[in-house]
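Everything on this sheet refers to the single structure shown next.
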Amino acid sequence: MELKRVVVTGLGALTPIGNNVPDFWEGLTNGVSGAAPIKGFDTEKFKTKFACEVKNFNPEDFLEKKEARKLDPFVQYALVATDEAVKDGGFDFEKLDTNRIGVIWGAGIGGLKTFLDEISNFAKGDGTPRYNPFFIPKMIVDIAPGHISIKYGLRGPNFATVSACASSTNAMIDAFNYIRLGMADVIISGGSEAIINEAGMGGFNAMHALSTRNEDPSTASRPFDKDRDGFVAGEGAGTIILEELEHAKARGAKIYAELVGGGMSADANHITAPHPEGLGARMVMSNALKDAGLTTADIDYINVHGTSTPLGDISETKAIGTLFGDDAYRLNISSTKSMTGHLLGAAGAVEAIAAILAVKNDIVPPTINHFTDDPAFDPKLNFTFNKAQKRTVRAALSNTFGFGGHNASVIFKKYED
C-alpha cells in the first residue's frame with residue numbers, strides 16, 4: 001500500500017525558557033538559560049539546588065480552579081501546550097470527523113508530585129488509608145491524553161507511550177505511523193513532565209545523574225564541554241499536531257514541515273549508561289534515515305540528545321561520526337538542553353519543535369555554556385557553540401535516548417507540494 005504523507009500543522013510549548021512557541025523560539029535563538037535556583041520546595045539539604053523550572057505559570061490562568069486541583073502539573077502542562085497547538089493549527093473540531101482524530105502522548109514518569117503528596121500524607125497519619133479519590137487518576141501517565149481527548153471530543157487512537165526520556169519521540173513515531181497507514185487523519189502528539197520536586201530531585205541526585213554546580217546554575221548544563229558534570233532537570237510540555245497531507249490541504253492549514261521518518265532501537269547494554277561506542281544511537285539514526293528514504297548527505301542539522309553527562313555526550317558523538325562519516329563535518333549539531341535542561345519524557349517533543357522551527361526558519365539554535373574544549377570530541381564537528389547560526393536546513397534529525405537503553409529519532413524536512 002502507498003503510505004500517506006504526514007505534515008506538522010500545529011505547535012504548542014510550555015518550557016523553562018518560554019511559555020509559548022514564539023517565546024520559546026526567541027529564547028532558543030538568543031541562547032537563554034532556563035536554569036535557576038529552585039523555587040518549588042526547600043532545597044537546603046539537597047545536593048542539587050537548581051533546575052529549569054517553568055516560570056510565571058499559574059494553571060488558573062488557563063483552567064478553572066476546581067479543574068486545576070484535579071490535575072497533576074504534568075497534565076496541566078499538557079493541556080496548556082495543546083491549547084496553544086490547537087489554536088495555532090486553526091482546528092475547528094466540530095467541522096472535522098473526530099472519530100479519526102486521536103491523541104498519542106508521552107511521559108517518562110507522570111504524576112510524581114501527586115504520588116509524593118499522597119504517600120507523604122499517609123506516612124504522617126495513623127495508618128488509616130485516607131487517600132484523595134483523584135490520587136490514581138491524577139497520577140497515571142495515560143491520563144494526559146485522556147484529558148486532551150475529553151476536552152476536544154476526539155475519539156481516534158488514544159494512549160500514552162513510556163520509554164523514559166524517549167517517550168514523546170516514541171509517541172510521535174506512533175502517531176506518524178497511524179496517520180500514514182490511513183488509520184487516522186490527525187493526531188495530537190507530544191509529551192509533558194513535572195518532576196522538579198523532592199522525590200524527583202532526590203532520586204536523580206541519588207543516581208549521581210544531576211549537575212551539582214550550585215554556585216553557577218545558569219551555566220550548569222554544558223553539553224560537550226570538558227567540565228560537564230551531569231544534566232539539569234527541566235519541566236514542561238511540547239505539543240506537535242500531525243496531520244495527513246491531503247486532509248491538511250483540504251482545510252487550508254498552514255504547514256510547518258513534513259515528518260518523513262522515525263527510527264527506534266535499544267542499546268541492550270545497561271539500565272542507565274549508553275553503549276560506549278554509541279551502537280544503539282548509530283542504529284536508531286540509521287533506521288530513521290532508512291524510513292525517510294534519505295541519506296546522511298540530506299541532513300543539515302541534528303538536535304542531539306546531548307544531556308551534558310560525561311558518558312552520554314561522547315557516545316552520541318561517536319555514533320554521529322561513525323554513521324555520517326565526512327558528512328558529519330558539514331552538519332550543524334546542537335543540544336538545546338543547554339538552555340531548557342532535560343525535560344525527560346517531554347524532551348523529545350520540545351526538541352522536535354526546535355528542529356521543526358530550524359527547518360522552517362533556517363536558523364540552528366546554539367549549544368550554550370561552552371567554555372573548555374574536550375579532547376574527546378572531534379574539533380572539526382560544528383556543535384554550534386554559544387551562538388545561533390543561519391543556514392539552509394533542508395532536513396533535521398532529532399535524537400532522544402532513555403534510561404533502559406531506549407532510543408528514538410525523528411526526521412523533519414521542508415515541505416514541498
Phe231 and Phe204 aromatic centres sub-6.0 Å: yes
Within 6.0 Å of CZ in Arg330, more than 12 heavy atoms from elsewhere: yes
Test item: side-chain donor near acceptor, Asn121 and Arg130, under 3.5 Å: no
Lys87 NZ: over 12 foreign heavy atoms closer than 6.0 Å: no
Chi angles and distances behind the side chain to side chain donor-acceptor pair (under 3.5 Å) call for Asn407, Asp267: CA-CA 7 Å; Asn407 306 309; Asp267 274 8; 2.9 Å; yes
Phe135 and Phe115 aromatic ring geometry - parallel, tilted or perpendicular at 30°/60° bounds: tilted
Polar side chain donor-acceptor pair, Asp216 to Thr219, under 3.5 angstrom: yes
Test: Arg155 and Asp97 ion pair at under 4.0 Å: no
Donor-acceptor side-chain pairing of Thr367 and Thr384 below 3.5 angstrom: no
Donor-acceptor contact below 3.5 Å, side chain Asn386 vs main chain Asn369: yes
Side-chain donor-acceptor contact under 3.5 Å, Ser334 with Tyr301: yes
Donor-acceptor contact present, side-chain Thr82 to main-chain Leu79, <3.5 Å: no
Row check, Phe91 ring normal vs Arg251 NZ/CZ: under 6.0 Å, within 45°: yes
Nearest-0.5 Å distance that lies between atom CE in Met201 and atom CZ in Phe50: 7.0 Å
Distance-minimising heavy-atom pair for Ala237 and Ala346: CA-CB, 4.4 Å
Separation between CE of Met139 and CD1 of Ile109, rounded to the nearest 0.5 Å: 12.5 Å
Between Glu243 and Thr9, a side-chain donor and acceptor under 3.5 Å: yes
Distance-only side-chain donor-acceptor flag, Tyr178 / Asp185, under 3.5 Å: no
Basic-acidic side-chain contact under 4.0 Å: Asp229, Arg222: no
Ring centres under 6.0 angstrom apart (Phe324, Tyr329): no
Test item: Ser286 side-chain N/O and Arg282 main-chain N/O as donor-acceptor pair under 3.5 Å: no
Pairing of Asp298 and Lys413 as salt bridge, 4.0 angstrom limit: no
Interatomic distance, Leu397 atom CG to Phe412 atom CZ [nearest 0.5 angstrom]: 10.0 Å
Pro223 to Ile368 - nearest heavy-atom pair and separation: CD-O, 4.4 Å
Between Asn205 and Thr48, a side-chain donor and acceptor under 3.5 Å: yes
From CA spacing to verdict: salt bridge (Lys or Arg N to Asp or Glu O under 4.0 Å), Asp291, Arg180: CA-CA 12 Å; Asp291 189 45; Arg180 65 177 174 171; 2.9 Å; yes
Main-chain N/O of Leu311 paired with Ser315 side-chain donor or acceptor, under 3.5 Å: no
Asn177 side chain to Asp174 side chain, donor-acceptor N/O pair below 3.5 angstrom: no
Expected output: side-chain Ser168 to main-chain Gly345 donor-acceptor under 3.5 Å: yes
Among Leu71, Val75, Asp83, the one residue meeting side chain to side chain contact (heavy atoms under 4.5 Å, CB included) with Leu63: Leu71
Side chains of Asp72 and Thr114, donor plus acceptor under 3.5 Å: yes
Flag if over 12 foreign heavy atoms under 6.0 Å of NZ, Lys4: no
Thr336-Asn303 side chain donor-acceptor pair, cut-off 3.5 Å: yes
Donor-acceptor pair, side chain of Thr98 and main chain of Ile101, under 3.5 angstrom: no
Where Ala194 and Tyr77 come nearest, the two heavy atoms and their spacing: CB-CE1, 3.7 Å
NZ on Lys70 to CZ on Phe134, rounded to 0.5 Å: 4.0 Å
Under the salt bridge (Lys or Arg N to Asp or Glu O under 4.0 Å) test, residues paired with Asp417 that sit two or more places apart: Lys249
Tyr415 vs Tyr256, ring-ring contact (aromatic ring centres under 6.0 Å, His included): CA-CA, chis, key distance, verdict: CA-CA 7 Å; Tyr415 166 67; Tyr256 283 96; over 10 Å; no
CD/Glu215: more than 12 non-hydrogen atoms of other groups inside 6.0 Å: yes
Heavy-atom closest contact (Gly40 atom, Glu53 atom, distance): N-OE2, 3.3 Å
Lys/Arg N to Asp/Glu carboxylate O, Glu351 vs Lys337, below 4.0 Å: yes
Residues Ser409, Asn399; criterion side chain to side chain donor-acceptor pair (under 3.5 Å); working and verdict: CA-CA 5 Å; Ser409 299; Asn399 286 336; 2.6 Å; yes
Residue from Lys390, Gln389, Lys414 passing side chain to side chain donor-acceptor pair (under 3.5 Å) with Asp362: Lys414
Derivation of the side chain to side chain donor-acceptor pair (under 3.5 Å) call for Thr169 and Thr400: CA-CA 7 Å; Thr169 304; Thr400 44; 2.6 Å; yes
Under 3.5 Å: donor-acceptor pair, side chain of Asn197, backbone of Ala199: yes
Phe385 and His370 aromatic ring geometry - parallel, tilted or perpendicular at 30°/60° bounds: parallel
Carboxylate-amine/guanidinium proximity below 4.0 Å for Asp227 and Arg213: no
Between CG on residue Leu11 and CD1 on residue Ile353, distance to nearest 0.5 Å: 5.5 Å
Derivation and outcome, side chain to side chain donor-acceptor pair (under 3.5 Å), residues Thr161 and Trp105: CA-CA 6 Å; Thr161 63; Trp105 201 255; over 6 Å; no
Shortest non-hydrogen contact between Asn382 and Leu331, atoms and distance: CB-O, 3.4 Å
Euclidean distance, Ile240 CD1 relative to Ile187 CD1, rounded to 0.5 Å: 13.0 Å
Backbone N/O of Val54 and side chain of Glu235: donor-acceptor pair under 3.5 Å: yes
Over all atoms of both residues, closest heavy-atom pair of Gly306 and Glu316: N-OE1, 2.9 Å
Glu60, CD atom: more than 12 neighbouring heavy atoms under 6.0 Å: yes
Donor on one side chain, acceptor on other, Asn56 and Asn19, under 3.5 Å: no
Ion pair Arg5/Glu244, N-O distance below 4.0 Å: no
